[in-house]
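Below: one structure, written as structure tokens.
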Amino acid sequence: MDFSEYKNKKKDALLISFEVFPPKDDPEFEKLKDTLARLAELSPGIITVTHGAMGKGRKRTVEVASYIKNVIGTESACHLTCIGSSEKEIDLMLEQIEREKIRNIVALRGDIPQENGEKLLSEGAFQHANQLVEHIRKYEKEKPQQFSIAVAGYPEKHIESPSFEEDISNLKKKVDAGANIIITQLFFDNRYYFDYVDRVRAAGIDLPVIPGLMPVLSSRQVIRISSLCGTEIPEALRKRLEDAGDDNRKAVEVGIAQCRNQVRELIAEGVPGIHFYVLNRTSHIERILESV
Ligand code: FAD
């Protein structure tokens, strides 16, 4: 399948995607292969592989996505960040993706680093993800097959954006440039997602908006990630995580219960799919999915 199929999915079919990050070295890749085999048993539509902004964690994105597609036989997607990259570098990556017969791309700008961020942003060929989407659509013009493109959406607004209005109008630029679906940043309160879909529709965007969920693995991790991306931790969840303290086994249980409740409500509301930020782990995801 590819991302564009979300639009025509059968009413009762829920499309699941998993997001993993590439390994740092060969031994880590061997471990990831076991994880991927277990994730594939859960029958996801797609497994996506992140791409570190600015050279970090970039090297093995295509290799892992190719392994998922061509060895395991599950559809995959490469994330592609553009911050600080030249057109030539982006084209090289697109050529690799094409060569491995990967049809899906998650097109992103990438986070601006604290050090030298503005300089890097101005040196790259693209300042925003809409320009990357435009470039991909130009690149593939003469090619026999088109990519399916997902772009990022932010139910609690992107952290740099002064207002929701501006953020949604920037989302519209990515859609107009040729995106097929929107995958959201993680959130712990479904209300943000439902309100966001209303705002997206009010802006005339009719693409599927896939909710992104990240089951908690530790209290520390959730506080760090949430503050980086501006995600609110609801009071009840915060309290349960405080009670779990540094005991990660307890925190995982809190995370499973939280995510399971979110999934149940999202399914009841008829979402087209769910994207899980699995952080290269499986057992928590298996438990969430077996009980919804
Ligand atoms: P943009 O769409 O460019 O938006 C960034 C900011 O600029 C927003 O505030 C927006 O409102 C504004 N903006 C957008 N377009 C314009 C414009 N034309 N003019 C003026 N302002 C504009 N990061 C990684 O490094 N690697 C990954 O693999 C990765 N995967 C992700 C997957 C998902 C599903 C999500 C939700 C995020 C992911 N991220 C990843 C994080 C992402 O790179 C950051 O959130 C980043 O800060 C913004 O990326 P973007 O593509 O949304 O950028």
Side-chain angles (χ1 to χ4, degrees), residues 3 6 17-23 46-62 64-65 76-85 90 93 97 104-114 117-118 120-122 124-136 148-187 192-193 196 199-200 203 205 207-214 225-231 273-280:
F3 286 139
Y6 277 85
S17 53
F18 296 133
E19 177 177 314
V20 298
F21 54 84
I46 295 188
I47 300 179
T48 79
V49 188
T50 64
H51 185 233
M54 303 130 7
K56 280 190 215 146
R58 275 188 171 180
K59 280 203 191 114
R60 303 192 90 159
T61 299
V62 183
V64 176
S76 67
C78 285
H79 293 216
L80 176 55
T81 54
C82 61
I83 187 169
S85 293
I90 297 289
M93 178 96 176
I97 295 173
N104 302 288
I105 294 178
V106 184
L108 302 144
R109 183 197 68 185
D111 279 323
I112 301 175
Q114 282 185 335
E118 289 307 319
L120 190 86
L121 195 60
S122 63
F126 310 110
Q127 278 66 50
H128 288 291
N130 65 298
Q131 296 165 318
L132 176 62
V133 178
E134 253 168 47
H135 181 76
I136 298 171
S148 275
I149 301 178
V151 291
Y154 300 88
E156 294 174 64
K157 175 178 97 46
H158 186 259
I159 201 152
E160 291 163 31
S161 239
S163 68
F164 256 119
E165 289 66 33
E166 222 168 282
D167 209 27
I168 300 276
S169 112
N170 288 326
L171 174 72
K172 181 99 174 37
K173 292 178 192 160
K174 300 195 266 198
V175 172
D176 292 344
N180 298 97
I181 66 162
I182 297 155
I183 303 178
T184 79
Q185 185 59 280
L186 62 101
F187 54 88
Y192 284 114
Y193 169 80
Y196 184 67
R199 289 177 206 267
V200 168
I205 299 169
L207 296 188
V209 182
I210 312 302
L213 298 182
M214 189 197 73
I225 295 182
S226 298
S227 73
L228 279 177
C229 54
T231 300
I274 299 182
H275 182 75
F276 289 97
Y277 297 96
V278 304
L279 302 172
N280 294 16

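Note: hydrogens, waters and symmetry copies are ignored here, and every other heavy atom, side chains too, is used. Counting from 1, the numbers follow the sequence of the chain as shown. Ligands are counted one by one from 1 in listed order, and the atoms in each one are counted from 1 as well.
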Nearest option to atom 19 (N) of ligand 1, as decided by whichever heavy atom of Lys174, Glu19, Arg109, His128 sits closest: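 It is His128 that holds the nearest heavy atom.
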Residue selection (non-hydrogen contact nearest atom 50 (P) of ligand 1) among Phe21, Phe126, Tyr154: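 Checking each option, the heavy atom nearest atom 50 (P) of ligand 1 is found in Tyr154.
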Proximity to ligand 1 by part of Ile112, non-hydrogen separation under 4.0 Å: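 It is neither; nothing of Ile112 touches ligand 1.
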Region of Asp167 engaging ligand 1 - heavy atom pairs below 4.0 Å: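 Asp167 to ligand 1: contacts from backbone and side chain alike.
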Would one find an N or O of [X], backbone or side chain, under 3.5 Å from an N or O of ligand 1?
X	value
Gly110	yes
Tyr277	no
Glu166	no
Asn170	yes

Show which atoms of ligand 1 fall inside a sub-4.0 Å distance from at least one heavy-atom site of [X].
X	answer
Ala152	35 (C), 36 (C), 52 (O)
Thr81	24 (C), 25 (O), 26 (N)
Lys173	17 (C), 18 (N), 19 (N)
Asp111	43 (O), 44 (C), 45 (O), 46 (C), 47 (O)
Thr50	28 (O)
His79	27 (C), 28 (O), 29 (C), 30 (N), 31 (C), 32 (C)
Gln185	36 (C)
Asn130	15 (N), 18 (N)

Separation of Ile97 CD1 from His51 NE2 (nearest 0.5 Å):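 Reported to 0.5 Å precision, the distance equals 8.0 Å.
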Reported CZ-to-CD distance for the pair Arg199 and Glu165, which is rounded to 0.5 angstrom: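 One gets 7.0 Å once the value is rounded to the nearest 0.5 Å.
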Nearest heavy-atom neighbours spanning Leu171 and Gly153: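 Heavy atoms only, the tightest pair is CD1-CA, 4.5 Å.
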Nearest atoms (heavy-atom pairs only) where His128 meets Cys82: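 Closest approach of His128 to Cys82, heavy atoms only: O-SG, 4.3 Å.
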Got a donor-acceptor contact below 3.5 angstrom from the [X] side chain to the [Y] backbone?
X	Y	value
Asn180	Ile149	yes
Asn130	Asn170	no
Thr231	Leu186	yes

Residue among Asp111, Val106, Ile105 satisfying side chain to side chain contact (heavy atoms under 4.5 Å, CB included) with Leu108: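 Only one of Asp111, Val106, Ile105 forms a side chain to side chain contact (heavy atoms under 4.5 Å, CB included) with Leu108, namely Val106.
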Option from Tyr154, Tyr193, Tyr192 for which ring pair (Phe, Tyr, Trp, His ring centres under 6.0 Å) with Phe187 holds: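 Going through the options one by one, the only one that passes is Tyr193.
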Exercise: do His275 and Ser17 side chains pair donor with acceptor under 3.5 Å: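 Result is yes, a qualifying pair exists.
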